[in-house]
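Contents: one structure, followed by commentary.
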Amino acid sequence: MVRSWDAAVERAQERLGAAAGLRAVEAGDGRRFALWDVASRAEGELAERVDPEALDAESERALRRRLGESGREWPDGELYRRRYWVLGERGEPVGTIAVDNWTKGPGQLAVSSVYLRPAARGRGLACAALDAVYRAATAEGLPGYRLEAHWSWQHAVRYYLRRGLWVVSWKHALGLARMPQLPPYRVAEEGGRLVLLLADGPHGWVPLLSAGHDGPDGRWLRLDETAAYRQSEGWVRDFARSTLALHLALAGRPLVRGPQWWAEAWRWADIGEPEGLAYRLGHGDSGGGRPVGTPGRPDGTAIRLPGPPHGPLARD
């Protein structure tokens, strides 16, 4: 049993400081890290790729103004989180990741500033950095890690789902987590329906939930539960529906089961029934100041995704 979350986080940070492929940001490199952070937010929120090494003072100020509150630079950032460079093959910085000095949710490490320069992508470096955080957390008895991504950060959201993260909230941004209590899952399309399957040892992939259009007008979706889901408990039961709901939203088919569910969707604007996700996408902050239409409205308004309407398993 973990006696102190704070002490466990400190030990986990020490593990990360010694992890292969990572290097702690030193005090004199804080400004450089801040520029990389701005470049990350510009790509995520403004859909603009910016070379952080080419940012001058005027360009930085302009980007921060456009980003608004999320572009604000916080002084003494190391007081509330530890910042790390993600290193390339030759030991040079090619990306960033940061971990808070206190836990979030049920004692998880809180991760932010996950970013790789475009030339360094596709090599598994972000994956390795996140795996290092997970190993550091679980080695100290912490239940994994959690991070947030706004709906408009389509590339990041799709990446995290491909990494097998589970959806645990959507209050201000999408909360995604990797925890020992949540086994690997995958989502497949079968007969026009999306099916969430859970890894179950010798039994292989076991279907838990499926969802698809119900009725000829295609306005509402039907959610079906298997016996395996009804027998599940704990974190799996809590987060399986929210995870499938995000996959459906990315496929342009947000999970709204009917007008009676839609009328109550506001009740689940933080987490809960999957209609809350559709409600949040239409009424909450998209993360970049761009409006995001909510599919499943009673007036039949179609979804307007920030990115191309590919299927949930498409690779960006």
Taking the six-membered ring where the residue is Trp, are the ring centres of Trp268 and Tyr279 under 6.0 Å apart?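 Here the rings of Tyr279 and Trp268 have centres that are no less than 6.0 Å from each other.
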If you take the centroid of each ring, where Trp contributes its six-membered ring, are Trp85 and Trp36 closer together than 6.0 Å?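 Centroid separation for Trp36 and Trp85: below 6.0 Å.
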Does the salt bridge (Lys or Arg N to Asp or Glu O under 4.0 Å) test come out yes or no for Arg241 and Glu273, once each step is laid out? CA-CA 8 Å; Arg241 292 195 298 176; Glu273 297 295 340; 3.2 Å; yes
Stepwise side chain to side chain contact (heavy atoms under 4.5 Å, CB included) check, Trp5 with Leu142: CA-CA 8 Å; Trp5 292 129; Leu142 299 169; 3.1 Å; yes
Is the backbone of [Y] close enough, under 3.5 Å, to the side chain of [X] for a donor and an acceptor to pair up by distance?
| X | Y | value |
| --- | --- | --- |
| Arg280 | Lys171 | yes |
| Trp153 | Arg41 | no |
| Tyr229 | Arg237 | yes |
| Thr243 | Val167 | yes |
| Thr96 | Ser113 | yes |
| Glu275 | Arg257 | yes |
| Arg230 | Glu225 | yes |
| Tyr115 | Val94 | no |
| Glu92 | Arg90 | yes |
| Gln13 | Val99 | yes |

Contacts under 3.5 angstrom, residues 117-132 side chains, donor-acceptor by atom type, not counting sequence neighbours:
unit_1 : atom_1 : unit_2 : atom_2 : d
Arg117 : NH2    : Asp51  : OD1    : 2.6
Arg117 : NH2    : Asp51  : OD2    : 3.4
Arg121 : NE     : Leu116 : O      : 2.8
Arg121 : NH1    : Glu43  : OE2    : 2.8
Arg121 : NH2    : Glu43  : OE1    : 2.9
Arg121 : NH2    : Glu43  : OE2    : 3.4
Arg121 : NH2    : Leu116 : O      : 2.7
Arg123 : NH1    : Glu89  : OE1    : 2.9
Arg123 : NH2    : Ala119 : O      : 2.9
Asp131 : OD1    : Arg163 : NH2    : 2.6
Asp131 : OD1    : Arg178 : NH1    : 2.8

Under 4.0 Å between a side-chain nitrogen and a carboxylate oxygen: does that hold for Glu69 and Arg72?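 Result for this pair is yes, salt bridge flagged.
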Does this structure show an ion pair linking Glu10 with Arg82, if we count only N-O contacts that are shorter than 4.0 Å?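 Arg82 and Glu10: salt-bridged.
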[X] side, atom [atom1]; [Y] side, atom [atom2] - distance, nearest 0.5 Å:
| X | Y | atom1 | atom2 | answer |
| --- | --- | --- | --- | --- |
| Arg146 | Leu109 | CZ | CG | 13.0 Å |
| Thr103 | Asp6 | OG1 | CG | 7.0 Å |
| Leu209 | Leu223 | CG | CG | 5.5 Å |
| Phe239 | Ser169 | CZ | OG | 8.0 Å |
| Glu26 | Phe33 | CD | CZ | 13.5 Å |
| Gln260 | Trp220 | CD | CH2 | 8.5 Å |

Would you please test Leu161 and Val187 for side chain to side chain contact (heavy atoms under 4.5 Å, CB included) and show each step? CA-CA 10 Å; Leu161 290 185; Val187 173; over 6 Å; no
For residues 193-208, which side-chain donor-acceptor pairs fall under 3.5 Å, sequence neighbours excluded?
unit_1 : atom_1 : unit_2 : atom_2 : d
Arg193 : NH2    : Ser210 : O      : 3.3
Arg193 : NH2    : Ser210 : OG     : 3.3
Arg193 : NH2    : Arg222 : O      : 3.3
Arg193 : NH2    : Asp224 : OD2    : 2.7

Given Ser40 and Asp37, is the side chain to side chain donor-acceptor pair (under 3.5 Å) satisfied, shown in steps? CA-CA 5 Å; Ser40 171; Asp37 225 7; 5.0 Å; no
Looking only at non-hydrogen atoms, find the nearest pair between Pro106 and Trp235 and report the distance.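 So the two residues come closest at CG-CH2, 4.0 Å.
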Applying side chain to side chain contact (heavy atoms under 4.5 Å, CB included), run through Trp166 and Leu246 and close with a yes or a no. CA-CA 10 Å; Trp166 291 69; Leu246 182 55; over 6 Å; no
